[in-house]
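Structure first, commentary second.
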Amino acid sequence: MAYHPPVPEKEYPSFVVAQPQTNEDNLPSSKTNMTTSADEDAGHVGGSGSGSGEGLVLGSAFNLASAAVGLGILSLSSTVSNAGLLFAGFLFVAMAMITIFSLDVLIDAVSMCGSFSYQDAVLKTFGDRFSTATGGIMIWHSMGSNISSFIIIADLVTPFFSQGTYLAERWVVMMMALILLMPLCLLRKMNSLRHVSGVAIFSFLYMASLVIISFFVKGRTSDPIKLVANDWHLIRSVPIIVYAYTCHTQAVPVYAELKDKTTRTMYKVTWASMSMSFFLYFLVGVFGYLTFGNATNGNVLLNYPTNEAQVIVARILISGAVIFGYPMSSWVTRNSFEQILFYFTRRGNRKSTQYSKLLTEDQGKSGFAAMSENVSWIQNLIEISVILGISVLIAISVPGITIVFSIVGSTSSVTLNFIIPGIMYIKLLNRKSTYQELRIRVKKICVYALIGFG
C-alpha cells in the first residue's frame with residue numbers, strides 16, 4: 001500500500017478539477033498494478049489493468065465491472081428472497097446509482113490531489129494517521145473476503161465426498177484449502193496471478209448462465225412471490241448489496257490507465273461498468289429467487305443438485321476462482337498490516353534508512369509496496385500463516401457467507417465506498433477555494449447526503 005509524505009498543496013481554480021500528471025513514471029503499468037498498491041482488490045476476486053495509460057472506455061468499464069463482480073454475487077438470490085422481489089429490485093437500481101455518484105466523487109478527489117491510488121489520496125488529504133486508520137479498515141474488509149473464501153470452498157467441495165467420511169467435514173476441507181493456498185500466498189508479487197481476473201469473471205458469468213437457464217428448465221417455484229418483506233431481513237439485505245457493488249479502491253488504478261484521463265471519460269466508464277454489474281446482479285438475484293423461492297440458500301449454488309454435470313462445472317469454476325483470487329486478497333491484508341506496523345515503528349525516526357528509501361522509490365511503483373517486497377521471508381511466512389490461520393478459525397465457526405457479507409457490507413464497505421470519498425472531496429474542495437459555482441454547491445450537498453447514507 002502506497003506510503004508517501006504529504007506534499008505541498010497546489011493551487012487550482014475554484015471549480016476546475018486538476019488532472020494527475022500523465023508522465024510515464026507516475027502511471028502504474030499492467031505489469032505492476034497488482035503489486036503497486038494494497039488498493040488492488042480489497043475483497044473481490046480479480047483486479048484491473050488495461051495497459052499503461054492506454055485504457056479505452058469499454059475495456060476499462062469491463063475491468064471495473066470485473067473488480068465489482070465478486071463473491072457477493074453468490075448471495076444475491078437469497079437477498080431477493082429476504083427483501084422481496086420489488087424492494088430488492090429497487091435496491092439493485094438505487095445502489096448502482098449511489099455507487100456511480102460515489103465513484104464520481106472519489107475520482108474528483110483523486111484528481112484534485114493528483115494521486116493514482118486510493119490510499120495515497122487519503123494520505124495526501126488527511127495525513128499518515130488517517131491513512132493508517134484507512135489501512136486498518138482495509139484489513140477488516142479484506143479479512144471478510146478471506147473468511148468468506150474458506151466458507152465458499154468448504155460449501156462447494158464438501159458435498160463431493162461421501163457423507164459420514166472424514167473428508168466430508170467442513171473443517172477438514174478448509175484445512176486442505178489452507179495447505180493449498182499457503183505457497184500461493186507466499187508469492188511476493190502478484191504478477192503471476194494477473195490473469196485471474198479474466199478467469200474469475202468467466203466463472204461468474206457461467207454461474208449466472210446456469211441460474212438463468214435453470215429457471216426456464218425447472219420452472220418457477222410454487223411458493224408465493226414476496227414483493228416486499230415485512231421483517232428485519234429487509235434491512236439485512238442492504239449491506240449485502242452494498243458489498244456486491246464495492247469496487248472503489250480498484251477504480252483509481254482503472255482511472256490512472258485511461259487513455260483520455262479526464263473525469264468525464266471516467267464517468268462514462270463508471271456508468272458502463274455499473275450497468276454491466278446491475279444487469280448481472282439483477283438476473284442472478286431474480287431468477288435464482290424465482291426458481292427456489294423461500295428455500296433459496298445463502299449461496300445459490302448449494303440449491304442445485306451435485307450430480308448434474310453443469311452444476312459440477314460451476315462448483316469447480318467458482319472454487320478455482322476463489323482459490324486463485326485469495327492470494328490477492330491476503331496480499332491486501334498483509335500490506336495493510338505492514339503499513340500500520342511501519343507507521344508505529346518508524347514514526348519517531350523519520351530519518352531512518354528504510355524511511356528514506358521509501359520516499360525515494362520510483363513513483364511508478366508504490367514505495368510501500370517496494371518495501372514490502374524486501375520483508376524477510378520469515379516475517380512474510382509468519383504474516384501469511386497468521387492471516388490464513390485466523391481466516392480458517394473464524395470460517396469454521398461461521399455457518400454461512402451471508403453473515404460475513406452483512407457485517408463487512410455494513411461496516412468497511414460503506415466506509416470505503418461512501419464516507420471516506422465524501423469527506424475527502426469536501427476537504428479538498430474547501431481547501432482549494434472559498435467560492436464555488438452552483439453546480440459544485442449542489443454536488444457538495446449531495447456528497448453530504450452520501451456521507452450521511454454511509
- Residues passing the side-chain contact (heavy atoms from CB on, under 4.5 Å) test with Ala61, sequence neighbours excluded, are Val269, Ala272, Ser273, Met276
- Message: Nearest 0.5 Å, please: how far is OG1 in Thr125 from CG in Leu428?
- Response: 4.0 Å
- Query: Which residues pass the side chain to side chain donor-acceptor pair (under 3.5 Å) test with Ser237, sequence neighbours left out?
  - Reply: none
- Message: I'd like to know if the side chain of Asn299 reaches the main chain of Ile152, judged simply by a donor and an acceptor atom lying under 3.5 Å from each other, with no hydrogens or angles considered.
- Response: no
- Any chance you could measure Leu302, atom CG, to Thr158, atom OG1, to the nearest 0.5 Å? 9.5 Å
- Considering non-hydrogen atoms only, spot the tightest contact between Ser277 and Val69 and give its length. OG-CG2, 4.0 Å
- Note on the structure: For Ala314 and Leu301, the nearest pair of non-hydrogen atoms, with its separation, is CB-CD2, 4.1 Å
Extract all donor-acceptor atom pairs below 3.5 Å that involve side chains of residues 394-409 and protein atoms in other chains or at least two apart in sequence.
from	atom 1	to	atom 2	distance (Å)
Ser397	OG	Ile394	O	2.8
Ser406	OG	Thr402	O	2.8

- For Lys226, does its backbone N or O pair with a side-chain atom of Tyr289 as donor and acceptor, under 3.5 Å? yes
- Would a 4.5 Å heavy-atom cut-off, applied to side chains only, mark Ile420 and Ile137 as touching? yes
- With sequence neighbours excluded, tell me which residues meet side chain to side chain donor-acceptor pair (under 3.5 Å) with Thr265. Asp260, Thr262
- Indicate the atoms forming the closest heavy-atom contact of Cys247 with Met274, along with that distance. SG-CE, 3.7 Å
- Message: Nearest 0.5 angstrom please: Thr134 OG1 to His141 NE2, how far?
- Response: 13.5 Å
Could you pull out every donor-acceptor pair under 3.5 Å between side chains of residues 206-213 and any protein atom, sequence neighbours left out?
from	atom 1	to	atom 2	distance (Å)
Tyr206	OH	Gln310	O	3.2
Ser209	OG	Leu205	O	2.9

Which donor-acceptor pairs under 3.5 Å do the side chains of residues 385-392 make with protein atoms, sequence neighbours left out?
from	atom 1	to	atom 2	distance (Å)
Ser385	OG	Leu381	O	2.7
Ser391	OG	Tyr326	OH	3.2
Ser391	OG	Ile387	O	2.7

- Message: I'd like to know if the side chain of Thr246 and the backbone of Tyr243 have a donor-acceptor N/O pair within less than 3.5 Å.
- Response: yes
- Report the C-alpha separation of Ile153 and Ile323 in whole Å, then their side-chain angles, then the decisive distance to 0.1 Å, and conclude whether the side-chain contact (heavy atoms from CB on, under 4.5 Å) test is met. CA-CA 8 Å; Ile153 292 172; Ile323 288 173; 3.7 Å; yes
- Task: Using side chain to side chain donor-acceptor pair (under 3.5 Å) as the criterion, list what pairs up with Asn297, not counting sequence neighbours.
- Result: none
- Message: If you compare all heavy atoms of Ser410 against all heavy atoms of Pro239, which two are closest, and at what distance to 0.1 Å?
- Response: N-CB, 3.4 Å
- Sub-3.5 Å donor-acceptor pair from the side chain of Arg220 to the main-chain atoms of Leu290, do we have one? no
Only distances under 3.5 Å count here; give the side-chain donor-acceptor pairs of residues 82-103 to other protein atoms, sequence neighbours excluded, each with its distance to 0.1 Å.
from	atom 1	to	atom 2	distance (Å)
Asn82	ND2	Ser78	O	3.1
Thr99	OG1	Met95	O	2.6
Ser102	OG	Ile98	O	3.2
Ser102	OG	Thr99	O	2.9
Ser102	OG	His248	NE2	2.7

- Task: Compare all side-chain heavy atoms of Thr333 with those of Glu383 and state whether any distance is below 4.5 angstrom.
- Result: no
- Within residues 390-404 or reaching into it, pairs that qualify as salt bridge (charged side-chain N to carboxylate O under 4.0 Å, His left out) - sequence neighbours excluded: none
- Task: Mind listing the closest non-hydrogen atom pair of Ile384 and Ser330 along with its distance?
- Result: CD1-OG, 4.4 Å
- With sequence neighbours excluded, what pairs up with Lys218 under the side-chain contact (heavy atoms from CB on, under 4.5 Å) test? Ser214, Thr291, Tyr304, Pro305, Glu308
- Without swapping roles, check the side chain of Gln119 against the backbone of Ser131 for a donor-acceptor pair under 3.5 Å. yes
- Message: Main chain of Ser77, side chain of Ser81: is a donor-acceptor contact present, judged purely on distance under 3.5 Å?
- Response: no
- Task: Would you please test Thr306 and Val311 for side-chain contact (heavy atoms from CB on, under 4.5 Å) and show each step?
- Result: CA-CA 6 Å; Thr306 56; Val311 177; 5.5 Å; no
- Thr411 meets the side chain to side chain donor-acceptor pair (under 3.5 Å) criterion, sequence neighbours left out, with Trp140
- Item | Audit row: Leu71, Ser149, side-chain contact (heavy atoms from CB on, under 4.5 Å) steps and yes/no | CA-CA 8 Å; Leu71 304 180; Ser149 295; 3.7 Å; yes
- Close side-chain approach of Ile139 and Met143, heavy atoms under 4.5 Å: yes
- Task: Report the distance from atom CE of Met112 to atom NZ of Lys124, rounding to the nearest 0.5 Å.
- Result: 13.5 Å
- Query: At what distance, to the nearest 0.5 angstrom, does CE of Met174 lie from CD1 of Ile151?
  - Reply: 6.0 Å
- Message: With heavy-atom distances below 4.5 Å as the criterion, would you say the side chains of Ile423 and Phe130 are in contact?
- Response: yes
- Is there a donor-acceptor pair closer than 3.5 Å between any side-chain N or O of Ser60 and the backbone N or O of Val57? no
- Task: Show your reasoning for whether side-chain contact (heavy atoms from CB on, under 4.5 Å) applies to Val105 and Met424.
- Result: CA-CA 9 Å; Val105 169; Met424 187 160 53; over 6 Å; no
- Item | Smallest separation among heavy atoms of Phe126 and Lys427, with atom names | CE2-CD, 3.3 Å
- Query: Is the CG atom of Leu227 crowded by more than 12 outside heavy atoms at less than 6.0 Å?
  - Reply: yes
- Please confirm whether the backbone N or O of Leu416 pairs with a side-chain atom of Tyr118, one donor and one acceptor, at under 3.5 Å? yes
- Under 4.5 Å between any side-chain heavy atoms of Leu106 and Tyr255, yes or no? no
- What's the spacing between Phe282 CZ and Phe287 CZ if we round to 0.5 Å? 8.0 Å
